[in-house]
Amino acid sequence: MSIISDILKRIKPSPTIAVTQKARELKAAGKDVIGLGAGEPDFDTPDNIKDAAIKAIKEGDTKYTAVDGTPELKKAISEKFKRENNLSYSTDQITVGAGGKHVIYNLMMATLNKGDEVIIPAPYWVSYPDIVMLAGANPIVVECSEEQGFKLTAKDLASVITNNTKWVILNSPSNPTGACYTEQEIRNLAQVLRRNPHVSVLSDDIYEHIIYDNFKFFTIAQIPELKNKVVTMNGVSKSYAMTGWRIGYAAGEKEIIKAISKVQSQSTSNPSSISQAAAVEALNGTQDFISIRSKSFQERRDFVVSSLNDIDGINCLKPDGAFYVFPSCKGLIGKKDKSGKKLETDTDFVQSLLENNNVAVVQGSAFGLDGYFRVSYATSMEKLKVAMERIKSFCESLS
Ligand code: PLP
């Protein structure tokens, strides 16, 4: 009999973390690898946020806090929702966890039963299906093609809802594609959801602030008739370059928020008191950093998209947000690399690129859509320039 639980056997380790790890190992072995696999901003946390953390330590803010977040942080989050999204949540409709991933995990643990279904549009963030499976429920993956901008349509949503559907997960801007849903697209999905009141929505807004070309961010809780069916998850990781601080949060109906906190109370308890103090400053302090940083990301996106589209066999949509692009490598599948190895899948493509030309990206199949790869451009322009040259020369070397 295995010591490992049956549920855990269904779970795979995060493939994006695996690629980052592989790139790290190759680097440690002396190879000049450029990693475009990581899902975190290369910018440092702004100084005003770091100073708030240092102040918290010095002032003895080092004890347990309320399990689901300090009153100061919940107030800052409530004000953020009002200020940026015109959404009113009282502090007992808000919970804070150790990162967005933690909050999603707790939400699924708190609400899913065996046999429940969670609709996940693909390409998806790698953790969604595994978290759903850890909670004992069934992920229902819906492929969203490049032709539909990698976005879920109302028609596709309607076709997969069953009596067992409990949640639909929406993620805009998206990891891995950068795709953003317009207000109209969200309203179209909302119409289907209004006909199915047994279905709730998890809106993962973690990339809210990383948007380009004046794209207008819209989140489904802004539709009043649906607000009580939506849990909106967000956090400071991506917006404020605070991935290591581990603060994420969610807002929704009191009953669900209380249940999330209950899971947390018997697992991790409160997120770090010091990180919470830093997150208060992130939300209440100057927001100048966001637009400066977005401008820099936009330049990189433009460069990466045009460089990739210059390569024969690669096709890359220009997304409105996040720091990822999701180009197709279908035109190169079936070709052979320098060593004579035939590239049968996107995984072969990605592996051969890493081995032969020292660039780490992640295969599309890891995100639920074959024939693509994800490039994270959250790295310096200098590195991106070299990486794009290497990808081009790799693709040209295939025969
Ligand atoms: N949701 C999406 C779509 C993400 O890409 C990530 C991180 O990569 C998260 C949630 C989790 O963020 P956090 O680092 O706050 O746990």
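Atoms within a ligand are numbered from 1 in the order they appear, just like the ligands themselves. None of these values were measured; they are calculated from a predicted model. Sequence positions, counted from 1, serve as the residue numbers for this chain.
For a threshold of 3.5 Å applied to N or O pairs, the pair formed by Y324 and ligand 1 contains no separation below that value. The shortest N or O to N or O distance between Y128 and ligand 1 is not under 3.5 Å. Checked against a 3.5 angstrom limit, the closest N/O atoms of G99 and ligand 1 fall outside it. Ligand 1 has an N or O atom lying under 3.5 Å from an N or O atom of N175, backbone or side chain. At least one N or O atom of R246, backbone or side chain, sits closer than 3.5 Å to an N or O atom of ligand 1. Among the atoms of H102, none of the N or O lies under 3.5 angstrom from an N or O of ligand 1.
Using a 4.0 Å cut-off between a side-chain N of Lys or Arg and a carboxylate O of Asp or Glu, E396 and K392 qualify as a salt bridge. Salt bridge status for D213 with R301: present, with a side-chain N to carboxylate O gap under 4.0 Å. Using a 4.0 Å cut-off between charged nitrogen and carboxylate oxygen, K80 and E84 count as a salt-bridge pair.
Of the listed options S127, P173, S237, S237 places a heavy atom closest to atom 15 (O) of ligand 1.
Among all heavy-atom pairs drawn from I257 and D92, the shortest one is CG2-O, 3.8 Å.
With hydrogens left out, the protein atom closest to atom 12 (O) of ligand 1 is I206 CD1, 3.8 Å, a heavy atom. Annotation: atom 7 (C) of ligand 1 to nearest protein heavy atom, K238 NZ, 2.9 Å.
I186 and I161 fall within the same hydrophobic cluster, where Ile, Leu, Val, Met, Phe, Trp and Tyr residues are linked whenever their side-chain heavy atoms come under 4.5 Å apart, directly or through other members.
When each of T219, T232, N234 is tested with D205 by the rule side-chain hydrogen bond (donor to acceptor under 3.5 Å, both in side chains), just one qualifies, namely T219.
For an aromatic pair to be called close, the ring centres must be under 6.0 Å apart, and F394 with F349 satisfies this.
Distances below 4.0 Å separate heavy atoms of N171 from the following atoms of ligand 1: 3 (C). Of all atoms in ligand 1, numbered sequentially from 1 with element shown, those under 4.0 Å from a heavy atom of G100 are 13 (P), 15 (O), 16 (O).
Contact analysis puts D204 in contact with ligand 1, with a non-hydrogen atom separation below 4.0 angstrom.
S380 and D42 form no side-chain donor-acceptor contact under 3.5 Å, judged by distance and modelled atom types alone.
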